[in-house]
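The structure presented is a predicted model; accordingly, all values stated were derived computationally and were not measured.
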Amino acid sequence: MVYLRILLLASLFSALSACTLTQQTAAVFEVNGSTSEVSEPVIRDYALVSAKISIPRTLKVSEANMYYPMADIVWRGDAPGDRYAQIGSLFSDAVELAKPALTGAVPVKIGVTLIRFHGVTEKTRSSVGGVYNILFTFTVRNAQTGEIIEPARVIEADLPAPGGQVAMLQDVMGQTERVRVTDFLAYVLVTELGGQATMPE
């Protein structure tokens with residue numbers, strides 16, 4: 001199933017023109033503790049080789065079944081368990097899905113450090129729905145030399161989370177929370193690295 005999704009996503013990425021993240025994500029640079037716009041355009045011709053994913057254990061996890069728990073990590077797309085490891089696997093799977101769309105001349109490895117992953121609880125998803133709010137730092141290095149090509153910047157990525165009957169129908173069709181979020185993260189990574197992608201539905 002995962003192999004089939006990789007093939008399907010790869011064909012979409014290669015066939016469709018690049019989409020912007022104007023409404024879906026926002027990227028800024030962190031400079032001495034403050035944010036600033038990118039001063040010069042970055043020419044990206046990357047081949048994604050590997051990624052280092054860091055999910056700090058200092059982030060607060062909530063399992064409270066309420067509309068909006070106050071926590072850094074809220075995730076119900078997997079059975080109860082180690083939420084840090086589950087979020088890490090979402091990013092790792094997304095990296096593998098992104099690789100076929102990133103086959104440029106410069107081999108790179110990326111660093112991802114999670115700041116926030118606020119999904120929706122059972123109560124929210126069964127009723128009004130909400131938003132998956134994902135915030136992480138993102139660094140690009142030359143995979144051969146280790147040189148930093150793009151310094152750490154903060155990526156904020158928001159994905160709508162349907163509720164009620166729409167959410168139930170998506171589950172029946174195989175578009176579970178894990179599938180949707182993984183595909184979305186792959187889209188974000190491809191786009192942030194200059195590849196061509198289309199926003200998953």
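No side-chain heavy atom of Lys109 sits under 4.5 Å from any side-chain heavy atom of Tyr46. Asn133 places none of its side-chain heavy atoms less than 4.5 Å from the side chain of Phe117. Using a 4.5 Å heavy-atom threshold, the side chains of Ile73 and Tyr84 count as touching. Looking only at side-chain heavy atoms (C-beta outward), Leu159 and Met199 come within less than 4.5 Å of each other. In this structure the side chain of Asn142 never reaches within 4.5 angstrom of the side chain of Val108, judged on heavy atoms. Met70 is not listed as a side-chain neighbour of Ser62, based on a closest heavy-atom distance of 4.5 Å or more. Side-chain contact between Leu135 and Ile155 is absent, with no heavy atoms from C-beta onward closer than 4.5 Å. You'll find the side chain of Asp158 stays beyond 4.5 Å of the side chain of Ile134, heavy atoms only.
Cluster membership for Leu193 and Val49, using ILVMFWY side-chain heavy atoms within less than 4.5 angstrom, is not shared. Hydrophobic clustering of Ile, Leu, Val, Met, Phe, Trp and Tyr side chains at less than 4.5 Å, counting indirect connections, keeps Val74 apart from Ile55. Connection of Leu114 to Val120 is established within a shared hydrophobic cluster, with ILVMFWY side chains joined at heavy-atom distances below 4.5 Å, either directly or through further cluster members. In the hydrophobic cluster analysis, where Ile, Leu, Val, Met, Phe, Trp and Tyr join through side-chain heavy atoms closer than 4.5 angstrom, Ile87 is grouped together with Val61.
In terms of modelled atom types and a separation under 3.5 Å, the side chain of Gln86 and the main chain of Ala79 share a donor-acceptor contact. In this structure, His118 contributes its side chain and Val131 its backbone to no donor-acceptor pair below 3.5 Å. Counting only distance, with no hydrogens or angles, the side chain of Arg116 and the backbone of Leu59 share no donor-acceptor pair below 3.5 Å. Proximity of a side-chain donor or acceptor of Arg83 to a complementary backbone N or O of Trp75 within less than 3.5 Å is detected. Side chain of Arg44 to backbone of Glu192: a donor-acceptor contact under 3.5 angstrom is found.
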Carefully, step by step, assess Arg180 and Glu177 under the rule salt bridge (Lys or Arg N to Asp or Glu O under 4.0 Å).
CA-CA 5 Å; Arg180 292 191 70 241; Glu177 287 190 86; over 6 Å; no
Determine whether Thr121 and Thr124 satisfy the following criterion, side-chain hydrogen bond (donor to acceptor under 3.5 Å, both in side chains), listing intermediate values before the conclusion.
CA-CA 5 Å; Thr121 63; Thr124 302; 3.1 Å; yes
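At most 12 heavy atoms of other shown residues, nucleotides or ligands fall within 6.0 angstrom of atom CD in Gln165.
In terms of heavy-atom proximity, Ala197 sits nearest to Val190 at CB-CG1, 3.8 Å. Scanning all heavy atoms of the two residues, the minimum distance from Lys123 to Met66 falls at CD-CA, 4.1 Å. When every heavy atom of Ala98 is checked against every heavy atom of Ala186, the shortest pair comes out as CB-O, 4.0 Å. Annotation for Ser127 and Tyr67: closest pair OG-CE2, 3.5 Å, computed over non-hydrogen atoms. When all heavy atoms of Val166 and Pro162 are compared, the closest pair comes out as CG1-CB, 3.5 Å. Taking each heavy atom of Val140 and Phe138 in turn, the nearest pair found is CG2-CE2, 3.7 Å.
Atom CD1 of Ile110 sits about 5.0 Å away from atom CG of Leu189, to the nearest 0.5 Å. In this structure, the separation between CG on Leu185 and OG on Ser92 is 10.5 Å, given to the nearest 0.5 Å. The CZ atom of Arg141 lies 4.0 Å from the CD1 atom of Ile148; values are rounded to the nearest 0.5 Å. Taking OG from Ser89 and CZ from Arg178, the interatomic distance works out to 3.5 Å, rounded to the nearest 0.5 Å. With rounding to the nearest 0.5 Å, the separation of CG in Leu97 from CG in Leu48 is 11.5 Å.
Using a 4.0 Å cut-off between charged side-chain N and carboxylate O, Arg57 and Asp82 make a salt bridge. Looking at Glu122 and Arg125, no side-chain N of the basic residue comes within less than 4.0 Å of a carboxylate O on the acidic one, giving no salt bridge.
Phe91 has its ring centre less than 6.0 Å from the ring centre of Phe136.
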